[in-house]
Amino acid sequence: MRATQKNFRRNILITSAVYTVISIIFIYRVALYGEDDSFNSFIKPLFLIIPTSLMSNNNRINIYPSNAIEAAELYEKLRYNTSGKWIDEYYLKSNLLTLKYGSNRGKVLSSIDEIEYYDSDPRLVWSVYLTDILNHHKSTKERYTMPFSWYDFADFQMYNKLISIKEKYPDSLQCSILLHPAFDKSLLQRWEKEIGESLFLSERFKYEDPFWYRSSKSFSNVAINNEDQYCKPIPLNETTRFNIPLNLTQYMDRVRPEAFDLQARNYLLNNIRQPLSITLLNKDINAYRIDIKQDNRSNLVESGLLKKYIRGQHRDEVTQDIKFDHDVIYSNFLQNDISENFRIDIPGLSNETYNQDSVTLTLDDFKFDTVGKINDLLKQGRENLTGHDRNYLESLEVSSATHAALAPKYFKEPGGIIQFRSMGHHRDERFFHGALIYDEVEYSAKLNSMIRTFQKFVKANGLISWLSHGTLYGHLYNGMTFPWDNDFDLQMPLKHLHYMSQYFNQSIIMEDPREGNGRFLLDVGTSITVRVHGNGNNNIDARFIDIDSGLYIDITALAVTSDVIPVRKFNYYDMDDAKKVKESDEIQNVSEEAEKQYYDIYTGLASLSIQKLRDYAGEHQREFSMDNADHIMKMYNDEVRALPTADTISSNLSEVQRYLFNQKLTMVNCRNYHFNTLEMITPLRASIFHGVPVLIPHKPISSLKIEYKVPSKYGYNNHEKHTFTTKINNWVPISVMSIARNTIKDNALFNVHSNLVSLKFNDLLSIFKNLLIAREYDTFTVIHNAFETVTYRQKEIEIEYDKNMEVEEKKKHLRTLREHFSGDMESPAKDPLLLQYERDLWNKYTNDADAFESDELVSLVNEKVLKARWKSYSKLYEQMYFKINDQYLDNVGMDLFEDSQKIGKDVFTDDPRWE
Ligand SMILES: *[C@@H]1O[C@H](CO)[C@@H](O)[C@H](O)[C@H]1NC(C)=O
Ligand SMILES: *[C@@H]1O[C@H](CO)[C@@H](O)[C@H](O)[C@H]1NC(C)=O
Ligand SMILES: *[C@@H]1O[C@H](CO)[C@@H](O)[C@H](O)[C@H]1NC(C)=O
Ligand SMILES: *[C@@H]1O[C@H](CO)[C@@H](O)[C@H](O)[C@H]1NC(C)=O
Ligand SMILES: *[C@@H]1O[C@H](CO)[C@@H](O)[C@H](O)[C@H]1NC(C)=O
Ligand SMILES: *[C@@H]1O[C@H](CO)[C@@H](O)[C@H](O)[C@H]1NC(C)=O
Ligand SMILES: *[C@@H]1O[C@H](CO)[C@@H](O)[C@H](O)[C@H]1NC(C)=O
């Protein structure tokens, strides 16, 4: 052992007044550790005074913990267990039929016909829908389409709270609550009194500040005096079960986050189109796609599916209640032959792709034969196509008739939301759901769930994509995104964007419910055949959008295009060679045939060069909006006026010439001028990000250096108010780190002697202890839960970037690392839904519990967890963490954990060598 472990237990005050607390804690310890392990003798005598009846093992958590053991288990799960397992079970009577909100809360309804609202719980939803699928196929061969309401597949908790009060105050639910910049305070208080809890949490406290409230109310927008253009009340004589009596017809984003939240949920429920399908993942192995009924928006109560489910169930023997066991039902579904009818197999792609060391692409993957695809689909007969194929065909037709200058913006963001630091620009309008930015743990849980689900989705289908931009940059250091990033950026070859569109555009991608509850809409913009920057409206090709926050992954396709290579970006390869290519006959004398081929894949106005389009627009002014006329003139001026004298190698080349030139140079780009050479991308390398398999470009450093100033150093680092060290291996807020290092020499904290540049191993322990003492629990949780992921990445760097290792050795060790340590890695963050669920339980517990008792529980759990985690850190330090039989991979490559100050100086100078 290179270090001695110090006993870091905090002293517990023992006074006679806290005997009961201690005894409860004692029981907890016995339950957690067993009687012998790391038990503290000073409490031992108390064992004698505990009645054995308290030590029962039957500790199911019902509604909220009823004793300290359950509470401690809950806290530990809430903070440190990132698995997808639920902490309790879902029942008909004790959950679905028990009113959660309103003046009747707690009342148990006698029949499902009386239900007016329910929170969409995955256990309920999965059980009911999957049972219907299983039953349907027993009775008929007809193709199954699933009923669908957004109500069952999105979080409507805030909405449900309002539904719960609608009888008492029908007058209070008027259009103004959606459209006014902030809620009316007295109304809000009245509602909450009846609901029994806060309507929303984020910044709710601000309403109590009269100054703030007055200034929020002083905002104005055009909807306030034109309510009927934005919102229609639903007449009270029409049923508004599962709804509030309002129908938003048009968004107004000049309001506060909680008001826009309400707008967006209302619009989602009443007006957003049905998705085409639901895609269920079996881990990261397979995907199943179930088509959705397009003409009926009824939820599982309205459609009668719940009734059918209940009829088919037996009462649980113990509880006399009906259980919704979605895990079992999902496993049944997967094992049943029925699931084969829904399994997606994209011809030419394989679910083994992400299990290889590397993946090779060719220039062909960056081109697409649109005309051929349209003809293929038409040959099958439009009427015979699946909903997905038909939707895709229509998009291809629309897109190939759309000129780059005229493509309308596809994705919309509520950029106008007030008092929100412009964060509305980073959300999808349709799925906006609260501010979120003030709660880091929840925010990072959302991002984590999103990227993990996406990667499992692409892997299961063999769709190729890789990390890019800031996401790739984050991966470089610790296999995680930067905590200050608010989305992900991924790239795909054009061909795979098309696969993804044809099979999954407008599908809700659902994580394997045994692993988590992620649900995302995959949405691909219409102008998929437009591959150049054009009017700049559509830089992003596709988004993977979180239904319960509007956060998204930006997906851009790279393709061979006719875009102009930006000036300074032209240092990927030899300038002289490029000039030779430019001067070659092939580029200088483009045949008429090649010219025709280039434009012929488009139809209508899209097949016109920008010069011809400008002439046409001049003659048909009334067909073009002002905006579009502007776009055309801008593109025309760029092309005809600016380009010939521009400082780029593409100057003096026509559109068609540029396409051939880029192709010859194997330059591919997205619609926002991000160019890469094929050689920088392929062969893609396998790695791990947020604990799941990903692909990264062949030359990540070169790729990053196009956009960022990448320091060569892998070691102590500072960025965006966060600090990085190779021991903690996480970006920690500087303010928190300074507390943890006890820079102000607080007596309650341990002293940290070494500085961050050369942090000593023992000081690492003091830092962790200080985080707990200072109640910086969130930071400790983040570091703890990410341990496996970041440790894996560090080992990978130690091998990948070791300049002294032979390439073949390197490949061998990386394969060993991947094969032995990348499978079944724990998620570095909690599932957001479970996080919220368990937090609610915990909050209810602490509201009622003795503060001293719950504090002690928290300390005990934290200590236990740190102790266990410290064991893994010690193994790392002793170089005995990556154990394979009797060997340790720890000894292979650089030792960056301990020696980064010495050897970490120029780790990232160049791309890793692969040949
Ligand atoms: C997380 O909790 C679940 C359910 O309680 C349990 O089965 C699992 O082993 C726990 N995981 C870890 C890593 O403790
Ligand atoms: C509700 O009342 C309106 C106006 O009185 C009437 O037009 C409508 O048909 C009624 N709807 C129902 C479902 O009774
Ligand atoms: C809401 O309005 C839209 C039209 O804007 C209509 O199609 C829809 O049926 C309405 N929904 C309800 C619940 O009234
Ligand atoms: C790929 O899919 C097949 C068919 O479901 C399955 O048997 C196989 O295990 C999957 N392979 C991987 C690596 O996920
Ligand atoms: C939707 O389906 C439900 C039950 O299957 C049915 O009662 C209802 O009338 C349908 N609604 C429409 C608009 O077709
Ligand atoms: C569409 O399907 C029908 C029924 O199977 C078939 O008769 C028809 O030929 C198909 N249409 C085309 C264009 O293949
Ligand atoms: C995706 O689906 C939407 C909604 O139908 C459609 O507008 C869009 O054009 C589709 N995109 C592609 C590439 O199919």
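Being a predicted model, the structure only gives us computed values, none of them experimental. Quick note: numbers below take in every heavy atom, side chains included, and nothing from hydrogens, waters or symmetry partners. One-based numbering, in listed order, for ligands and for the atoms of each.
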Inset, instruction - State which residues pass side-chain hydrogen bond (donor to acceptor under 3.5 Å, both in side chains) with Asn669; sequence neighbours excluded, sorted by chain then number. - result: Thr561, Asp563
Inset, instruction - State whether the shortest distance between N or O atoms of Ile528 and N or O atoms of ligand 7 falls below 3.5 angstrom. - result: no
Legend entry - Gly525 near ligand 7 by a heavy-atom separation under 4.0 Å: yes
Legend entry - Ring geometry between Phe544 and Phe520 (parallel below 30°, tilted from 30 to 60°, perpendicular above 60°): parallel
Inset, instruction - Compute whether any side-chain donor of one residue and acceptor of the other, for Asn243 and Tyr151, lie under 3.5 angstrom apart. - result: no
Inset, instruction - Decide, yes or no, whether a salt bridge links Glu194 with Lys161 under the criterion of side-chain N to carboxylate O below 4.0 Å. - result: no
Inset, instruction - May I ask you to check if ligand 7 and Asn391 share an N or O to N or O distance below 3.5 Å? - result: yes
Legend entry - Short N or O distance, Tyr392 and ligand 7, threshold 3.5 Å exclusive: no
Inset, instruction - Within a distance under 4.0 Å of any heavy atom of Thr526, pick out the atoms of ligand 7 and give their elements. - result: 7 (O), 8 (C), 9 (O)
Inset, instruction - Under 4.0 Å, heavy atoms only, figure out whether ligand 7 is touched by the backbone of Arg273, its side chain, both or neither. - result: side chain
Inset, instruction - Write down, by chain and number, every protein residue that brings a non-hydrogen atom to less than 4.0 Å from an atom of ligand 3. - result: Ile234, Asn247, Thr249, Asn270, Asn271
Inset, instruction - With heavy atoms of Gln380 as the reference, note each atom of ligand 6 found under 4.0 Å away. - result: 11 (N), 12 (C), 13 (C), 14 (O)
Inset, instruction - Heavy-atom contacts with Lys379 under 4.0 Å: which atoms of ligand 6 show up? List them by number with element. - result: 13 (C), 14 (O)
Inset, instruction - Name the orientation class of the two ring planes belonging to Phe148 and Trp150 (parallel below 30°, tilted from 30 to 60°, perpendicular beyond 60°). - result: perpendicular
Inset, instruction - Could you tell me which non-hydrogen atom of Val255 sits nearest to which non-hydrogen atom of Gln263, and how far apart they are? - result: CG2-NE2, 3.9 Å
Legend entry - Student check: side-chain heavy atoms of Arg519 and Ile509 closer than 4.5 Å: no
Inset, instruction - For ligand 6, note which part of Glu383 has a heavy atom under 4.0 Å away: side chain, backbone, both or neither. - result: side chain
Inset, instruction - Please determine, by modelled atom types, if His388 and Ser277 share a side-chain donor-acceptor pair under 3.5 angstrom. - result: yes
Legend entry - Parallel, tilted or perpendicular, as decided by the 30° and 60° cut-offs, for the rings of Tyr251 and Phe260: tilted
Legend entry - Side-chain H-bond candidate by donor/acceptor type, Thr279 with Ser507, under 3.5 Å: yes
Inset, instruction - Fit a plane to each ring of Tyr392 and His498, take the angle between them on a 0 to 90° scale, and name the class: parallel (under 30°), tilted (30 to 60°) or perpendicular (over 60°). - result: perpendicular
Inset, instruction - Please indicate whether any nitrogen or oxygen in Ser395 is less than 3.5 Å from any nitrogen or oxygen in ligand 7. - result: yes
Inset, instruction - Report the part of Asn505 (side chain from C-beta onward, or backbone N, CA, C, O) that has a heavy atom under 4.0 Å from ligand 7; answer both or neither where that applies. - result: side chain
